[in-house]
Amino acid sequence: MAPRKRVALWIAGAAVALLAAAALRFGPVVPVRTKSVPVAPAGTWTSLDTLGKGESLAKILARGGLGGDDQTAAIRAAAGIDPRKIPAGMEVRFSGDSTNGTDPRPTDVALLLSADRTLHLVRTGSDWSAREERTPWITDTIVMHGVVHSNLYDAVNAGSGDILSKGARAELAWTIADIFEYRIDMSRELQDGDAVRAVFERSRAPSGLVRIGAILAAGLERSGAELQAIRFVPAGESRGEYYDQDGRSLRATFLRAPLSFRRISSVFGMREHPILGDVRAHKGTDYAAAIGTPVRSVGDGVVVFVGPHGGYGNSIDIRHPNGFVTRYGHMRGFADGIRTGSRVSMGQTIGYVGVTGLTTGPHLHFEVLVGGVQRDPLKALKSSSGPPLAAGELAAFDKIRHGALAQLEQPAGALRPAGPAH
């Protein structure tokens with residue numbers, strides 16, 4: 001082999017060895033990640049950037065090729081937004097004329113404020129103006145059918161997996177739970193084989209984002225009997241409420257559970273106490289939840305005790321009408337303004353889940369006392385019905401109900417052709 005060729009091979013081998021050594025020391029070479037950008041029309045260029053945490057709008061404009069005067073003029077043109085309140089992570093798209101070699105500055109700066117709202121800052125010579133672009137959402141009406149095997153979320157998840165994103169499925173499940181929460185405790189009263197169905201509005205953005213609109217009707221079938229929820233707006237009202245098939249409000253005097261997102265760790269009855277080790281009547285319900293989960297009052301009332309209370313740890317007692325008292329124990333702390341004598345309303349946050357008192361882990365201990373006697377919360381808070389619609393509303397309600405039930409009977413999927421969202 002010629003000397004020159006041997007030297008070339010030796011140099012190539014040495015280079016490979018050096019690269020291998022660098023890889024062993026510093027790890028594999030990772031290519032720079034770049035964001036894909038829309039294909040620019042012929043004669044234009046486009047680049048995409050993202051506002052970093054703590055960055056000003058002026059800084060990202062400078063990165064996009066705007067000098068100080070242009071930055072000031074462009075920000076002044078964006079009079080409809082407060083540059084100090086633009087969140088980190090907002091995408092900014094710069095576009096310019098690739099045929100004009102004498103002026104490389106962008107002619108359009110697009111601030112992607114949300115999935116359906118873009119603010120264009122447009123340059124004409126040295127002047128800047130703003131133009132807002134709103135992309136309409138497309139709304140359709142969807143029917144969902146699901147069967148309960150473990151819990152409500154899994155039933156909704158299986159029943160709408162092909163038509164909703166994961167986040168939208170969770171939103172739908174918890175909205176259904178909120179509608180029925182005065183009549184049914186979703187954590188305890190649903191059984192294998194129960195069924196859920198709903199008619200609701202679905203909105204979709206061109207970006208693929210999906211959001212759940214109004215639930216028009218829903219049904220929960222338990223042991224062969226279905227409790228229905230029909231959305232109805234009484235005359236003179238502006239907000240829809242939910243009524244059962246008999247025209248009675250689904251709202252009641254008490255919520256069925258003190259946590260919105262709930263998971264029960266133990267039930268009312270005899271059990272082995274996890275700290276004391278003996279068997280005693282556990283006169284209440286334990287709701288396992290993360291530390292700091294908000295605890296809500298299940299009804300309107302007056303705080304009659306707040307503070308440390310033996311094995312209950314930090315606890316609150318609330319007196320309600322008709323001799324009811326609810327007790328909330330093991331809390332980390334209390335919400336602002338909660339003190340003895342404070343009036344609280346149904347659903348108001350009163351404290352936060354903790355691990356105080358005799359407890360092995362974070363959870364809320366919840367009790368109901370009636371006439372000073374501890375009662376099973378499942379039975380004590382059970383309410384068969386709320387107030388009925390006025391007689392003059394029943395004809396209009398029946399018309400809405402019959403239409404909603406006809407929709408609920410339809411196969412799962414979209415009910416009618418999609419149309420623009422309002």
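Only heavy atoms go into these numbers, but all of them, side chains included; no hydrogens, no water, no symmetry mates.
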Without placing hydrogens or testing angles, list every side-chain donor-acceptor pair under 3.5 Å for residues 230-238, not counting sequence neighbours.
none

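- A salt bridge does not link R93 to D49: none of the charged side-chain nitrogens sits closer than 4.0 Å to a carboxylate oxygen.
- V92 pairs by the side chain to side chain contact (heavy atoms under 4.5 Å, CB included) definition with I60, M90, F94, V109, L111, not counting sequence neighbours.
- Put simply, the side chain of T356 gets close to the backbone of M331: a donor and an acceptor are under 3.5 Å apart.
- Ion pairing between D140 and R202 holds under the 4.0 Å rule for side-chain N and carboxylate O.
- Not counting sequence neighbours, H149 has no partner by the ring pair (Phe, Tyr, Trp, His ring centres under 6.0 Å) test.
- Remark: the backbone N or O of R339 is paired with a side-chain donor or acceptor of S342 at under 3.5 angstrom.
- Evaluation of the salt bridge (charged side-chain N to carboxylate O under 4.0 Å, His left out) rule for E393 yields no partner, not counting sequence neighbours.
- Atom CD1 of I316 and atom CZ of F305 lie 9.5 Å apart (nearest 0.5 Å).
- Side-chain contact check for T139 and S203: at least one donor-acceptor pair (N or O, by modelled atom type) lies under 3.5 Å.
- In terms of the ring pair (Phe, Tyr, Trp, His ring centres under 6.0 Å) criterion, residue partners of F254 (sequence neighbours excluded) are, by chain and number, H320, F324.
- Between R197 and E221 no salt bridge is recorded (no basic side-chain N to carboxylate O distance below 4.0 Å).
- Not counting sequence neighbours, the partners of Y328 by the ring pair (Phe, Tyr, Trp, His ring centres under 6.0 Å) test are F366.
- Applying the side chain to side chain contact (heavy atoms under 4.5 Å, CB included) criterion to D336, with sequence neighbours excluded, gives no partner residue.
- Formation of a donor-acceptor pair under 3.5 Å by the Q245 side chain with backbone atoms of Q228 is found in this model.
- Remark: K166 engages Y153, R169 in a side chain to side chain contact (heavy atoms under 4.5 Å, CB included) (not counting sequence neighbours).
- Between D244 and R183 there is a salt bridge, with a side-chain nitrogen of the basic residue lying less than 4.0 Å from a carboxylate oxygen of the acidic one.
- Remark: R343 engages no residue in a salt bridge (charged side-chain N to carboxylate O under 4.0 Å, His left out) (not counting sequence neighbours).
- Shown here are the side chain to side chain contact (heavy atoms under 4.5 Å, CB included) partners of S249, two or more places apart in sequence or in another chain: Y243, R251, P387.
- Using a 4.0 Å cut-off between charged side-chain N and carboxylate O, D103 and R123 make a salt bridge.
- For E132, the side-chain hydrogen bond (donor to acceptor under 3.5 Å, both in side chains) criterion is met by R117, R134, not counting sequence neighbours.
- The backbone N or O of D127 sits nowhere less than 3.5 Å from a side-chain atom of T124 that would complete a donor-acceptor pair.
- In this structure, a donor-acceptor pair under 3.5 Å is absent between the side chains of Q407 and E409.
- With sequence neighbours excluded, no residue satisfies ring pair (Phe, Tyr, Trp, His ring centres under 6.0 Å) with Y352.
- No donor-acceptor distance shorter than 3.5 angstrom exists from the side chain of H330 to the backbone of H363, with no hydrogens or angles considered.
- Taking 4.0 Å as the cut-off between side-chain N and carboxylate O, E171 and R211 do not count as a salt-bridged pair.
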